[in-house]
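Notes follow the structure.
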Amino acid sequence: PMKNIDLVRGHMPEGTVLEPFDRKILKGFYSDIVGLVTEGNTLPPQFIFGIAKTLVGLRCAGKTRLEGCDKQPRYYYMMIGATGAGKGESWRRTRSVLTMNDSHLGFDQIMRVFNSADSGAGLKEAFFDKNGQGTGIPVALYIDEIVDLGSKTRNDRNPEILSTMLELANGTSISRIKTSTTWTCN
């Protein structure tokens, strides 16, 4: 079998078999989450592990600081698998476990989670409240199928959505300018 890191260095030769996910790397809290979400089903544990690390890391953004470091984390996680591999269900179940089935424990006050974005402008507005004030709350965007996002970036649709995603990836300040107002969030 080919080690996963070899895929980063080049293309995957036809017929390559990846090593199975090594569950020994799961420890403590993450082991518990993966166990809860995968119990009694065939969801890939590596998907749950990656989702949990991303959402917990996002939860710490702006709150956890390292001495001498003024940088804020930006997390990206991509699940790669054929349609039906369990990416979407892994996302739904992991989010449900981490939010305690969307109970009213103030999850919306610490993180905003969206399951799609239709435009760059809409994505920018996710960082603001209805009055145009920056919320200061981290935002997670889940895109179920990358083909859907690619379709939205066509010239006759909303090509700026990709530009907005790249803008967000490279900075921690965003502005949304409308005809009568300008909103800026840091």
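- Applying the side chain to side chain contact (heavy atoms under 4.5 Å, CB included) test to Ser31 and every residue at least two apart in sequence or in another chain returns Leu26.
- With sequence neighbours left out, Arg92 forms a salt bridge (Lys or Arg N to Asp or Glu O under 4.0 Å) with Glu89.
- Arg112 contributes a side-chain N or O that, together with a main-chain N or O of Ala126, makes up a donor-acceptor pair within less than 3.5 Å.
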Distance-only donor-acceptor hits, side chain of residues 36-56, under 3.5 Å, sequence neighbours excluded:
| residue | atom | partner | partner atom | Å |
| --- | --- | --- | --- | --- |
| Thr38 | OG1 | Val34 | O | 2.7 |
| Asn41 | OD1 | Leu43 | N | 2.9 |
| Asn41 | ND2 | Val37 | O | 2.8 |
| Thr54 | OG1 | Gly50 | O | 2.8 |

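- For Lys87 (side chain) and Gly81 (main-chain N/O), a donor-acceptor pair under 3.5 Å exists by modelled atom type.
- For the atom pair CG (Leu98) and CZ (Arg93), the distance works out to 14.0 Å, reported to the nearest 0.5 Å.
- Atom OH of Tyr142 and atom CZ of Arg95 lie 11.5 Å apart (nearest 0.5 Å).
- Follow the hydrophobic side-chain contacts under 4.5 Å out from Phe29 and you reach Leu58 in the same cluster.
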